[in-house]
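Encoded as structure tokens, the structure appears first; notes follow it.
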Amino acid sequence: MEVTAQSVWDNCLDFIKDNIQPQAFKTWFEPIKAVKLSGSALSIQVPSKFFYEWLEEHYVKILKVALTKELGEDAKLVYVIKMENTYGNRQPFTEKIPSSNRTAVKSQDVDVPFDNKSPELKNPFIIPGIRNVKIESQLNPSYNFENFLEGDSNRLARNAGIAVANKPGGTSFNPLLIFGGVGLGKTHLAHAIGVDIKDKYPEKTVLYISAEKFTQQYIDSVKKNNRNDFIHFYQIIDVLIIDDVQFLSGKTGTQDVFFHIFNHLHQNGKQVVLTSDKAPVDMQDIEQRLLSRFKWGLSAELQTPDFETRVSILKNKLYRDGVEMPEEIVEYVAKHIKTNVRELEGAIISLIAQSSFNKKEITINLAKDIVEKFVKNTKREVSIDYIQKVVSDYFQMDVSTLQSKTRKRHIVQARQLAMFFAKKYTKASLASIGSQIGQRDHATVLHACKTVDNLSSTDKQFRKYVEDLSKKLSL
Ligand code: ADP
Ligand code: MG
């Protein structure tokens with residue numbers, strides 16, 4: 001059989017396919033076309049510069065193995081970038097490559113001679129002076145907007161992210177600061193913005209970096225005496241995404257350098273995206289001038305998702321993993337894990353794993369066991385506010401009605417039940433419960449608890465209320 005670029009590449013693909021995730025294969029290998037075979041050099045066409053960088057960063061080893069199997073030790077891979085991009089008049093900041101005569105540049109394991117047709121195809125991610133540090137976008141394509149489900153809790157942040165991705169540097173959301181508690185999706189959203197920008201504007205230089213890594217790089221640059229190169233490198237980035245900026249607190253040197261980088265980028269219409277576990281007002285030990293910059297654009301909060309959103313997140317996860325699970329179990333998990341999406345996903349993954357390893361059916365009881373483990377770790381207490389909300393909902397009244405001074409019997413009962421459960425499920429004192437449930441005193445709360453005890457042993461209907469509410473409130 002004749003050996004052609006196509007046949008060599010097909011064989012490589014067979015090998016690669018067996019060795020990586022199907023989704024990754026689809027994303028990164030299916031779009032590639034084999035275009036030329038000359039001697040032991042195979043030319044493949046990739047859709048963008050980003051694509052090439054990604055392949056180089058993540059798949060260079062497997063490409064080398066596959067290609068060597070097909071073409072022997074001298075195998076070479078040549079990338080041809082399909083899009084004819086003009087990269088603007090950006091200053092070169094690595095060693096100059098003569099424009100007519102591209103030299104081969106050693107890139108990790110595979111020699112990548114640059115094809116004549118692809119101007120600018122040199123590796124730009126080498127910090128001058130910090131040799132052998134190859135920086136690429138560091139984006140995780142599995143964090144995208146599509147699988148970041150929208151709900152009330154994240155609508156503002158998600159949509160601001162989309163707006164920024166559509167017009168990086170061109171909206172008033174600059175910087176875009178996304179803040180919120182752990183496991184609520186800050187990192188996911190930060191990546192999604194970068195991934196979407198790379199998709200829409202492949203020529204833009206996007207960099208995702210954690211504040212911790214940024215700090216480390218800065219410290220290294222000071223040690224190696226090339227602080228200016230460090231700054232210069234960051235100043236040529238089009239979209240800079242820094243995750244967990246609260247990490248910069250107390251680190252004045254890094255804050256100082258970031259301040260200069262930020263100003264430069266902002267003045268030049270470049271986009272900055274930041275995440276933090278706190279709102280700017282609550283950030284400690286961050287210089288005032290930096291804090292004020294953080295507030296220039298938009299600060300969007302990620303809140304804890306409501307029940308519906310939690311259910312959608314779970315269903316989406318199950319759907320993507322191709323797992324079916326009874327509705328009531330999904331709802332059970334969503335109902336009990338409330339404060340952290342990572343834990344929510346963790347519980348569902350444990351559930352799938354438990355059932356498949358132990359060949360157990362996924363039942364409510366199994367779900368209970370697993371959820372309990374997750375919930376125990378987070379040690380949560382229901383709040384008095386929550387109890388009032390649940391009780392009012394149950395009796396279809398507003399919380400303000402429940403708290404009001406009225407003596408109508410069903411309202412008094414609802415109020416007494418709220419007090420009873422507050423005593424039972426929280427560590428709050430009688431006085432504190434009274435003051436939170438309509439400004440009553442401790443004697444009223446004590447009386448309420450006794451009344452509920454009495455009524456539930458004498459009144460069948462009332463006992464049903466207590467049972468129903470216990471179920472709703474039980475963890
Ligand atoms: P943070 O950085 O705020 O601690 P992450 O971004 O790491 O949180 O999110 C934790 C996990 O929850 C990730 O696996 C992420 O994909 C998932 N997640 C968070 N919010 C959502 C959402 N709205 N839709 C889908 N997955 C989400
Ligand atoms: Mg994070």
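Indexing begins at 1, ligand by ligand and atom by atom, following the structure's order.
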Which of the ligand 1 atoms, numbered from 1, are nearer than 4.0 Å to a heavy atom of H188 | 6 (O), 15 (C), 16 (O)

Part of T187 within contact of ligand 1 (heavy atoms, under 4.0 Å) | both

Ring centre gap for Y234 and F230 strictly below 6.0 Å | yes

Of all the heavy-atom pairs spanning L402 and A418, show the shortest one and how long it is.
-> CD2-CB, 4.2 Å

Validate the cation-pi geometry between R158 and F148: distance from NZ or CZ to the six-membered ring centre under 6.0 Å, angle to the ring axis within 45°.
-> no

Can the ring centroids of F214 and F247 be said to lie less than 6.0 angstrom from one another?
-> no

Metal check, the Mg ion (ligand 2) vs T187 N/O/S, cut-off below 2.8 Å | yes

Under 3.5 Å between some N or O of ligand 1 and some N or O of L149?
-> yes

Does the N or O separation between F148 and ligand 1 drop below 3.5 Å for any pair?
-> no

Examine L184 against ligand 1 and note whether any of their N/O atoms are separated by less than 3.5 Å.
-> yes

Under 4.0 Å from one or more heavy atoms of V182, ligand 1 contributes atoms 4 (O)

Close-contact set for ligand 1 against G181 heavy atoms, below 4.0 Å | 3 (O)

G180 touching ligand 1 at heavy-atom level, < 4.0 angstrom | no

Options R342, R320, E343, E150, ranked by nearest heavy atom to atom 10 (C) of ligand 1, top entry | R342

Which atoms form the tightest heavy-atom contact between E287 and T252, and what is the distance?
-> OE2-O, 3.8 Å

Measure across Y201 and A165 and return the closest heavy-atom pair with its distance rounded to 0.1 Å.
-> CE1-O, 3.6 Å

Please lay out, stage by stage, how K200 and D196 fare under the test salt bridge (charged side-chain N to carboxylate O under 4.0 Å, His left out).
-> CA-CA 6 Å; K200 295 190 166 104; D196 202 33; 2.7 Å; yes

Could you list which atoms of ligand 1 come closer than 4.0 Å to a heavy atom of N154?
-> 23 (N)

Location of contacts on R158 toward ligand 1, heavy atoms closer than 4.0 Å = neither

When you measure from atom 17 (C) of ligand 1 to every protein heavy atom, which one gives the shortest distance, and what is it?
-> V341 CG1, 3.5 Å

One finds that the ligand 1 atoms under 4.0 Å from a non-hydrogen atom of Y143 are 16 (O)

Hey, would you say the W296 and H266 ring centroids sit under 6.0 Å apart?
-> yes

Should we count NZ of K26 as having more than 12 external heavy atoms under 6.0 Å?
-> no

Got the closest protein heavy atom to atom 4 (O) of ligand 1, with its distance?
-> G183 N, 2.7 Å

Protein contact of atom 13 (C) of ligand 1 - nearest heavy atom, named by residue and atom, plus distance | E345 OE1, 3.8 Å

Is a side-chain donor-acceptor pair under 3.5 Å present for Q436 with S432?
-> yes

Residue K186 vicinity, atoms of ligand 1 by number, heavy atom under 4.0 Å = 1 (P), 2 (O), 3 (O), 4 (O), 6 (O), 8 (O)

Under 3.5 Å side-chain donor-acceptor pair for H191 and D243 = no

Number the atoms of ligand 1 from 1 as they appear, then name those within less than 4.0 Å of a heavy atom of N147, with their elements.
-> 24 (N), 25 (C), 26 (N)

Quick one: which of E327, E331, E345 gives a salt bridge (charged side-chain N to carboxylate O under 4.0 Å, His left out) with K315?
-> E327

Which atoms of ligand 1 have any heavy atom of G185 under 4.0 Å away?
-> 1 (P), 3 (O), 5 (P), 6 (O), 8 (O), 9 (O), 19 (C), 20 (N)

